[in-house]
Chemist: 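Structure below; questions to follow.
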Amino acid sequence: MTAFKSDFLNTLRERGFIHQCSDFEGLDALAAKGEATAYVGYDCTAPSLHIGNYLTMMLLHWLQQSGNKPITLMGGGTTMVGDPSGKDETRAIRTVAEIEANKASIRGVFTKVLRYGDGKSDAIMLDNAEWLTKLNYIEMLRDVGRHFSVNRMLTMDSVRLRLEREQEMSFIEFNYMVCQAYDFVELARRTGCQLQMGGSDQWGNIIMGVDLGRRMGTHQLFALTTPLLTTASGAKMGKTAQGAVWLNADQFSPYDFWQYWRNTEDADVGKFLKLFTTLPMSEIRKLEALAGSEINEAKKVLATEATALLHGRDAANEAAETARRTFEEGSLAQSLPTVEIPRGELDAGVGVLNAFVRAGLVASNGEARRQIKGGGLRVNDDSVADEKMTLTPASLTPEGVIKLSFGRKKHVLLKPA
């Protein structure tokens, strides 16, 4: 395969980031000269981004490492509309206060993988609320809306799939792709941005922006997407019994993040080392060549490096040590995830089903019952046989906690408050 001229595209291809690109040759020429400016948009639908967003953050990381300029675009405006991509029903409309709170909570994570400043390749952060909320509706229809074909919009996956399933799509959602396309044009005019990147589910929306730029007279715009994140077994990545794999430490602890990567399927270790760490490819090739029980050492490296990138080296090393003490020595590591429970509740007795749900180890009482029948739940390392079991102060270990375990690798401490 012919090598690209730019370090950026060579790195992306070697590490498995590329799914589609609108014009490899044109983008390669820009990136090779260090003249590519690219953005990824992040809507503020939750207080934290998740692991799918982490993948696109790594796109921006490698862009910057190759001497080009990244833009993180906060979706203060588009979140008010709601992206229908991949959704079977309309997203809940969030208040401005909710969006602002989420935006404030999300902002800090980008500094973990990007360098911000005033230099040529330093990242900048913008918010599309700055222009979307100021648009005059009639002017928007005349100046921008006239460039969109409803016939073509109906063929976009985000719309077509909803209609085929006879699930309602609101007019506000139908306009999301118009807002996103206009973002691209606005960034092109304001910053000289030429490239929008995102997940493969965003291809249609991004191409709409490329086309709108051509119709509205911008310089040439480019599109690049990453593959859908799936595991070797075909499952969609980023879900656990506790829910989504969030990037903020207060939503998903560094230990849980480390453990998530440690539990990677054998066949995915090399793939995830390339996508979610900055280890040199020479080292990754050695790790992905390991077989048998040795693959577990590669999983530990993956877990530690991915966690260090997001949460810092100290947090990653602490998580690795906690796991070692818990699994290899069988000791009770006080740095395991902890959930506080009011002392009064514990004095009165807490049902074991309720305890496991509150700890986030299972999603419901019904799931807890099924796991008990299969021998999957333990309290203080003893299997739970009775679903009517009650936890009381007598259940506390000498360390003053109750250790709840789901399987061999998921543990949470209940601590009276």
Chemist: With sequence neighbours excluded, give me every salt bridge (charged side-chain N to carboxylate O under 4.0 Å, His left out) pair touching residues 107-121.
Modeler: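 Of all non-adjacent pairs touching residues 107-121, those that pass salt bridge (charged side-chain N to carboxylate O under 4.0 Å, His left out) are Arg115-Asp122.
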
Chemist: Do you know which two heavy atoms are closest between Trp261 and Leu302, and how far apart they sit?
Modeler: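 The pair with the smallest heavy-atom distance is O-CD2, 3.9 Å.
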
Chemist: Taking the ring centre of each residue, are Phe406 and Phe356 less than 6.0 Å apart?
Modeler: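 For Phe406 and Phe356, the ring centres are not under 6.0 Å apart.
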
Chemist: Between Leu346, Leu413, Val339, which is the residue that forms a side-chain contact (heavy atoms from CB on, under 4.5 Å) with Ile402?
Modeler: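 So the option named by the test is Leu346.
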
Chemist: Looking at Leu377 and Gln371, what are the two nearest heavy atoms and their distance?
Modeler: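 Between these two residues, the closest heavy atoms are CG-CB, 3.6 Å.
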
Chemist: Is the centre of the Phe8 ring less than 6.0 Å from the centre of the Trp62 ring?
Modeler: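 Centroid distance Phe8-Trp62: not below 6.0 Å, so no.
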
Chemist: How about Asp256 and Ser253: does a side-chain donor come under 3.5 Å of a side-chain acceptor?
Modeler: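 Side-chain D/A pair, Asp256 to Ser253: present.
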
Chemist: Write down the atom of Ala323, the atom of Trp258, and the distance for their closest heavy-atom approach.
Modeler: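 Residues Ala323 and Trp258, closest heavy atoms: CB-CZ3, 3.4 Å.
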
Chemist: Filter on salt bridge (charged side-chain N to carboxylate O under 4.0 Å, His left out), then keep only pairs touching residues 302-311, sequence neighbours left out; what's left?
Modeler: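 Salt bridge (charged side-chain N to carboxylate O under 4.0 Å, His left out) check on residues 302-311 returns Glu305-Arg313.
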
Chemist: Using a strict cut-off of less than 4.0 Å between a Lys/Arg side-chain nitrogen and an Asp/Glu carboxylate oxygen, indicate whether Glu340 and Lys415 qualify as a salt bridge.
Modeler: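 Salt bridge absent between Glu340 and Lys415.
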
Chemist: Using a strict cut-off of less than 4.0 Å between a Lys/Arg side-chain nitrogen and an Asp/Glu carboxylate oxygen, indicate whether Lys103 and Glu100 qualify as a salt bridge.
Modeler: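 Looking at Glu100 together with Lys103, the answer is yes, because their closest N to O distance falls below 4.0 Å.
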
Chemist: Tell me whether the rings of Tyr260 and Phe252 are parallel (<30°), tilted (30 to 60°) or perpendicular (>60°).
Modeler: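 Taking Phe252 first and then Tyr260, their aromatic rings stand perpendicular (interplane angle over 60°).
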
Chemist: Do Ser170 and Glu173 get their side chains close enough for a donor-acceptor pair, meaning under 3.5 Å?
Modeler: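 The criterion, which ignores hydrogens and geometry beyond distance, is satisfied for Glu173 and Ser170.
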
Chemist: Applying salt bridge (charged side-chain N to carboxylate O under 4.0 Å, His left out), which residue pairs with at least one partner in residues 355-364 are found, sequence neighbours left out?
Modeler: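 For residues 355-364: Glu345-Arg358.
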
Chemist: For residues 94-123, which residue pairs qualify under ring pair (Phe, Tyr, Trp, His ring centres under 6.0 Å), counting only residues two or more places apart or in two chains?
Modeler: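 Counting only pairs at least two positions apart or across chains, the ring pair (Phe, Tyr, Trp, His ring centres under 6.0 Å) contacts touching residues 94-123 are Tyr42-Phe110.
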
Chemist: Could you note down all residue pairs passing salt bridge (charged side-chain N to carboxylate O under 4.0 Å, His left out) where residues 260-272 supplies at least one of them, sequence neighbours left out?
Modeler: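 As it turns out, the salt bridge (charged side-chain N to carboxylate O under 4.0 Å, His left out) pairs with a partner in residues 260-272, which skip direct neighbours, are Asp266-Lys299.
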
Chemist: Looking just at side-chain N and O atoms, do Ser105 and Asn248 make a donor-acceptor pair shorter than 3.5 Å?
Modeler: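 Ser105 vs Asn248: donor-acceptor pair found between side chains.
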
Chemist: Kindly compute the distance separating CG (Leu224) from CG (Asp23), expressed to the nearest 0.5 Å.
Modeler: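 Leu224 CG to Asp23 CG: 11.0 Å, rounded to 0.5 Å.
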
Chemist: If I take atom CG from residue Asp7 and atom CD from residue Gln65, how far apart are they, to the nearest 0.5 angstrom?
Modeler: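 Between Asp7 CG and Gln65 CD, I get 11.0 Å after rounding to 0.5 Å.
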
Chemist: Shortest non-hydrogen contact from Leu221 to Gly213?
Modeler: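 Minimum heavy-atom contact is CD1-CA, 3.9 Å.
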
Chemist: If you measure from CG on Leu59 to CE on Met197, what distance do you get to the nearest 0.5 Å?
Modeler: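 Leu59 CG to Met197 CE: 5.0 Å, rounded to 0.5 Å.
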
Chemist: Within this structure, what is the NZ-CD distance for the pair Lys69 and Glu35, rounded to the nearest 0.5 Å?
Modeler: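 One gets 13.5 Å once the value is rounded to the nearest 0.5 Å.
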
Chemist: According to side chain to side chain donor-acceptor pair (under 3.5 Å), does anything in residues 174-183 pair up with another residue at least two apart or in another chain? List the pairs.
Modeler: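 Residue pairs passing side chain to side chain donor-acceptor pair (under 3.5 Å), neighbours aside: Asp43-Tyr176, Asn128-Asp183, Trp131-Asp183, Gln180-Gln196, Gln180-Gln202, Gln180-Asn205, Tyr182-Glu186.
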
Chemist: Can you tell me how far the CG atom of Leu229 sits from the NE2 atom of His50, to the nearest 0.5 Å?
Modeler: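 Between atom CG of Leu229 and atom NE2 of His50 there are 10.0 Å.
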
Chemist: Main chain of Ala223, side chain of Ser22: is a donor-acceptor contact present, judged purely on distance under 3.5 Å?
Modeler: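 Side chain of Ser22 to backbone of Ala223, a donor-acceptor pair under 3.5 Å: yes, one is there.
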
Chemist: Decide salt bridge (charged side-chain N to carboxylate O under 4.0 Å, His left out) for Lys286 and Glu283; before the verdict, give the C-alpha distance in whole Å, the side-chain angles of both, and the deciding distance to 0.1 Å.
Modeler: CA-CA 5 Å; Lys286 291 177 185 175; Glu283 189 170 342; over 6 Å; no

Chemist: Side chains of His19 and Thr226 only: does a donor on one sit below 3.5 Å from an acceptor on the other?
Modeler: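 Checked: His19/Thr226 side chains show no N/O donor-acceptor pair below 3.5 Å.
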
